[in-house]
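Data block below; observations after.
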Protein chains: 2
Amino acid sequence: MVEVSMTPKPGSAPGAALHAMARSPDNTLTRGQGVALWRQIASAIERDIGASAPGRGADPGTRLPTEAALAGRFGVNRHTVRRALEELEARGLIRVEQGRGSFVAEDVLDYPLGPRTRFSETIRRQNREPAGRMLRIAEMAAEAAVAKALGLRRGRGVVMAERLGLANGRPVVIGTHYFPSHRFPAMAALLAEDPSITAALARCGVPDYRRQVTRITSRMPTPEEAVLLQQSRARPVLVTEAINADPAGTPIELSIARYAAARMQLVVES
Amino acid sequence: MVEVSMTPKPGSAPGAALHAMARSPDNTLTRGQGVALWRQIASAIERDIGASAPGRGADPGTRLPTEAALAGRFGVNRHTVRRALEELEARGLIRVEQGRGSFVAEDVLDYPLGPRTRFSETIRRQNREPAGRMLRIAEMAAEAAVAKALGLRRGRGVVMAERLGLANGRPVVIGTHYFPSHRFPAMAALLAEDPSITAALARCGVPDYRRQVTRITSRMPTPEEAVLLQQSRARPVLVTEAINADPAGTPIELSIARYAAARMQLVVES
DNA sequence: ACAAATTTGTTCGTATGTATG
DNA sequence: ACATACATACGAACAAATTTG
């Protein structure tokens, strides 16, 4: 078996690849036997990253050796390696980035934008382990935009909670949530105990709520967001702004979520 | 009235601002009368960019003078100008980019993702004039991803049409559409005449169709996309992948659209 | 702000083997 | 046998993007 010797990539940090010392090329390739070299190379790399069921195999984001290194190891021209990588990229197994390298493709999770989508359920349904880490909780006066979304007068108190959502330990979303203080005076304390929004709302007498309208945009992450999401500052975040309402239709929450676009895609069923 | 003397910004080109010659500061500001200088400055700039009804006022994307120039003109410190700009940015009137300057905010159009959303109708409903420019039409063998989406065997023929969508003459979206050739043999010819997809489908015996599922992601634009959308390569595009089906539920079109995230936001009503 | 190093992307040119007519 | 087309493979040089110092 051909060892591709990949190094895990923490976040987007480059992390120097462990280049094996220059040595005689692998002779696992058969030349002139009817199977193109690039096909054999593609198969060898595919075996090494072990792409099969989602969540199995090499860690997504792991960096492959450089094209030059692979060419040396297999004893072929860089073009031949590139042809193999091209194939793997077309099949969605890897992602190639100019100036950075090639990486094992992230397995992209779907986030359905239905009226009753809940983060934890969604992640679990895709066989990942959901987790949440509360970043900060504060009580503050509502800015104009927040007040308008929640139907409050500007300056009324709101509870703001910022939470990092993870799937299998990998950060996928930062959510900022605003609740009207006058209706949920205990919200800050509840969320400090248990980061689950659904649970906190239930304990405040709102066992059910609906997502009313969601606005979707995209922008570059702030430095802080890039760190929290463990992603490159050169890749965008998907931003959703949603209003959740109780069964009576009264807005109870404004949530602004920023998704790592490489790890999460939004899905709308019509 | 304070003249802010802005220069239009073609696309994302930096475009040096027309700096007015240093001269005595405006004396339109009243000091020590209970209204903070930055508020007066913010109001003055707001008047000049004429933010009111959407689509009115200064051209979106127009560049404001540099902070230093504004400070000189108003006879205040740069910090004071920054406080004013901060306020305007928070209110969505301008956009400040580190190292580039400040710009009149684009008026963001909403694109509702309903089952029957049509581009032209959507744009018209927001009081803009829709237009479309066909970029290219080709017939080709379906790649794996396209074939799968349309429920075809790989390699079957598909008609591919790429179209630029504009609102008030400003590009907002690039759409790539795939149709199965065997069902719509005349599609290429029809679209060459009239770029309207809805019209072409109607003439092929499909007067109605529904968007089934939409997947939403985000990424950086290719150089070509940045040129077509007249946006900076440093700003992301929103990408939607949607499957449209006839009333019987048979997939008839795969469409991949890339929106200029600064000019268009997607809206989902639940 | 700038320069250097690293890495992928593109475009030349050349050569070989295989299938086709 | 010959010409042609096509995919494969190698080599060199340069362009473009990213990261690092």
Side-chain angles (χ1 to χ4, degrees), chain A residues 2 4-22 24-45 49 61-106 220-221 223 226-227 229-237 260-262, chain B residues 12-14 16 66-68 97-101 140-141 143 154-155 218-227 231-237:
Chain A
V2 180
V4 196
S5 97
M6 293 165 294
T7 57
K9 191 196 61 164
S12 73
L18 280 184
H19 293 283
M21 300 306 293
S24 58
D26 277 317
N27 42 7
T28 43
L29 270 51
T30 68
R31 302 178 90 105
Q33 300 302 314
V35 183
L37 290 180
W38 67 264
R39 290 187 194 279
Q40 302 180 49
I41 294 171
S43 302
I45 297 177
I49 61 183
T62 300
R63 183 180 190 167
L64 267 63
T66 67
E67 296 175 354
L70 288 171
R73 194 157 318 160
F74 288 110
V76 300
N77 190 275
R78 185 161 78 99
H79 286 302
T80 311
V81 169
R82 283 179 61 74
R83 181 67 187 84
L85 295 180
E86 191 185 313
E87 177 74 9
L88 294 175
E89 180 167 42
R91 286 171 39 204
L93 270 61
I94 66 170
R95 161 174 53 89
V96 181
E97 286 180 53
Q98 182 171 7
R100 305 225 308 136
S102 303
F103 306 90
V104 177
E106 311 270 357
M220 303 316 288
V227 170
L229 291 174
Q230 287 179 27
Q231 75 164 39
S232 161
R233 286 208 59 189
R235 321 194 107 231
V237 288
Chain B
S12 73
T66 66
E67 294 176 357
E97 284 181 52
Q98 186 172 21
R100 305 221 308 132
M140 56 177 64
E143 308 161 45
R154 185 175 168 178
S218 173
R219 59 169 170 77
M220 303 315 289
T222 65
E224 196 199 353
E225 287 167 350
V227 170
Q231 74 163 40
S232 161
R233 288 210 56 189
R235 322 196 102 229
V237 288

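Proteins get letters first, then strands, A, B, ... in listed order; numbering begins at 1 in each.
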Return all side-chain donor-acceptor pairs below 3.5 angstrom for residues 36-44 of chain A, not counting sequence neighbours, or 'none' if the list is empty.
from: Gln40(A); atom 1: OE1; to: Thr30(A); atom 2: N; distance (Å): 2.9
from: Gln40(A); atom 1: NE2; to: Thr30(A); atom 2: O; distance (Å): 2.8
from: Gln40(A); atom 1: NE2; to: Val35(A); atom 2: O; distance (Å): 2.9
from: Ser43(A); atom 1: OG; to: Arg39(A); atom 2: O; distance (Å): 3.0

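When the side chain to side chain donor-acceptor pair (under 3.5 Å) test is applied to Arg31(A), no partner is found at least two apart in sequence or on another chain. The side chain to side chain donor-acceptor pair (under 3.5 Å) check on Arg235(B) picks up nothing, with sequence neighbours excluded. With sequence neighbours left out, Ser102(A) forms a side chain to side chain donor-acceptor pair (under 3.5 Å) with no residue at all. Scanning for salt bridge (Lys or Arg N to Asp or Glu O under 4.0 Å) contacts around Glu87(A) gives Arg83(A), with sequence neighbours left out.
Base pairing of dA1(C) is not made with any nucleotide, judged by Watson-Crick or G-U wobble geometry with both donor-acceptor distances under 3.5 Å. The partner of dA1(D), taking Watson-Crick or G-U wobble pairs whose two distances both stay under 3.5 Å, does not exist in any strand shown.
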Which atom pairs link the protein and nucleotides 16-18 of chain D when you take only N or O atoms and keep those under 3.5 Å?
from: dA16(D); atom 1: N3; to: Gln98(A); atom 2: NE2; distance (Å): 3.2
from: dA17(D); atom 1: OP1; to: Arg233(B); atom 2: NH1; distance (Å): 2.8

Identify each atom pair where a protein N or O and an N or O of nucleotides 8-11 of chain D are less than 3.5 Å apart, giving names and distance.
from: dT8(D); atom 1: OP1; to: Trp38(A); atom 2: NE1; distance (Å): 3.3
from: dA9(D); atom 1: OP1; to: Leu37(A); atom 2: N; distance (Å): 2.4
from: dA9(D); atom 1: OP2; to: Leu37(A); atom 2: N; distance (Å): 3.2
from: dA9(D); atom 1: OP2; to: Trp38(A); atom 2: N; distance (Å): 3.3
from: dC10(D); atom 1: OP1; to: Arg31(A); atom 2: NH2; distance (Å): 2.5
from: dC10(D); atom 1: OP2; to: Asn77(A); atom 2: N; distance (Å): 2.9
from: dC10(D); atom 1: OP2; to: Thr80(A); atom 2: OG1; distance (Å): 2.5
from: dG11(D); atom 1: O6; to: His79(A); atom 2: NE2; distance (Å): 2.8

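Between the Glu106(A) side chain and the Ala262(A) main chain, no donor and acceptor come within less than 3.5 Å of each other.
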Side chain to side chain contact (heavy atoms under 4.5 Å, CB included) between Val237(A) and Gln231(A), worked out: CA-CA 9 Å; Val237(A) 288; Gln231(A) 75 164 39; 3.7 Å; yes
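Taking both residues in full, the closest heavy atoms of Pro65(A) and Arg73(A) are given as CG-NH1, 4.1 Å, listed atom of the first, atom of the second, then distance.
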